[in-house]
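Everything on this sheet refers to the single structure shown next.
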Amino acid sequence: MSTSRGNTTRQRPQKYQNKTAFKNDLHDTSHRTKIINSLDITGVCKRCKDIIEWKIKYKKYKPLTAPRKCVNCEQKTIKHAYHMLCSKCATEKQVCAKCCKPADSPDEEKVDESQNTAIQSMLKGLPERKRRTILRYLNKQGSDQQKTSIAHLEKMIQEMDKMALEDDLDDFFSDDDPISSDNEGKE
Ligand SMILES: [Zn+2]
Ligand SMILES: [Zn+2]
């Protein structure tokens, strides 16, 4: 035994390694396999596409023999194996036809991620007080946080530099803030 119980880390290199990559049509040149291999997987998210392509590659893919019932419109309109929704419903709802999660837009995700990283690194370089102000602002934005642009934050910081932002830097002024006591004394 190369691995003891609970030890899942392989100690030795893999004993047998395929000289060539697995080919599903090496011994099977049937029409069916050819058709499956030429399938274009659409209407599903990246993850589901990978899963289905994996199934095709390793001959686990089982095409539908008859149209399947869509979980949304309850019509027998599904023509693709492993799909839960028919193409029409998936398109209308803008979700993946297999996992039914919102259709992903990888580009948008990437932008959000790099933006978050940029915001984080920008915050790191700020003095404590400004950082707190920006964080407070970001928290207020809540779910809109993703939409906060770096340019906008940079502008905020510039403004802070310019006028030391009376309102945002609420710990900047002492309790007897002349502005608010002025307002109170009016009436
Ligand atoms: Zn449907
Ligand atoms: Zn999916």
Side-chain angles (χ1 to χ4, degrees), residues 2-3 5-11 13-124 134-135 137-153:
S2 60
T3 50
R5 186 191 275 270
N7 179 10
T8 50
T9 323
R10 192 196 284 270
Q11 304 291 323
Q14 193 175 342
K15 201 171 186 179
Y16 175 80
Q17 226 151 7
N18 285 340
K19 296 235 170 22
T20 52
F22 179 83
K23 264 194 172 151
N24 66 6
D25 54 359
L26 190 62
H27 305 290
D28 175 6
T29 51
S30 69
H31 186 59
R32 185 176 172 267
T33 302
K34 250 184 226 162
I35 287 185
I36 294 175
N37 277 345
S38 67
L39 279 179
D40 194 16
I41 311 302
T42 54
V44 293
C45 67
K46 170 86 175 63
R47 213 181 94 85
C48 292
K49 189 176 174 179
D50 285 347
I51 293 171
I52 294 175
E53 281 177 345
W54 185 90
K55 281 180 192 287
I56 291 175
K57 189 172 180 202
Y58 294 102
K59 299 188 76 160
K60 311 271 183 204
Y61 187 90
K62 289 188 188 72
L64 288 180
T65 48
R68 192 172 154 188
K69 203 170 169 188
C70 166
V71 295
N72 186 58
C73 66
E74 302 197 334
Q75 303 292 307
K76 292 201 170 176
T77 40
I78 298 181
K79 292 181 187 79
H80 304 282
Y82 309 105
H83 284 201
M84 301 297 288
L85 294 167
C86 68
S87 313
K88 189 172 159 278
C89 291
T91 312
E92 268 173 17
K93 292 157 84 89
Q94 293 195 309
V95 296
C96 165
K98 184 176 178 291
C99 67
C100 306
K101 284 181 185 152
D104 51 10
S105 38
D107 289 343
E108 217 172 84
E109 247 169 51
K110 227 182 261 169
V111 167
D112 284 346
E113 212 171 274
S114 65
Q115 180 160 305
N116 273 341
T117 316
I119 290 178
Q120 293 308 320
S121 64
M122 191 181 77
L123 286 175
K124 253 185 227 167
I134 297 286
L135 279 175
Y137 171 77
L138 288 175
N139 283 339
K140 244 190 258 171
Q141 299 289 100
S143 55
D144 284 341
Q145 194 171 329
Q146 301 286 355
K147 286 170 198 146
T148 310
S149 72
I150 295 286
H152 182 72
L153 291 181

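Numbers here simply count residues along the sequence, with the first being 1. As the structure lists them, so they are numbered: ligands from 1, and atoms in each ligand from 1. Computed from heavy atoms alone, side chains included, the values below leave out hydrogens, waters and symmetry copies.
- Between the Y82 side chain and the I51 main chain, no donor and acceptor come within less than 3.5 Å of each other.
- With the Zn ion (ligand 1) at the apex, C70 SG and C86 SG define an angle of roughly 120° (rounded to 10 degrees).
- A cation-pi arrangement is absent between K57 and F22 under the rule of less than 6.0 angstrom and at most 45 degrees off the ring axis.
- With a cut-off of 2.8 Å, the Zn ion (ligand 2) has an N, O or S atom of C45 in range.
- Between SG of C99 and SG of C48, the angle at the Zn ion (ligand 2) works out to 110°, rounded to 10 degrees.
- Applying the 6.0 Å contact sphere to NZ of K76 captures no more than 12 heavy atoms from other residues, nucleotides or ligands.
- Under 4.0 Å is where a charged nitrogen must lie from a carboxylate oxygen, and between E92 and K88 at least one such pair does.
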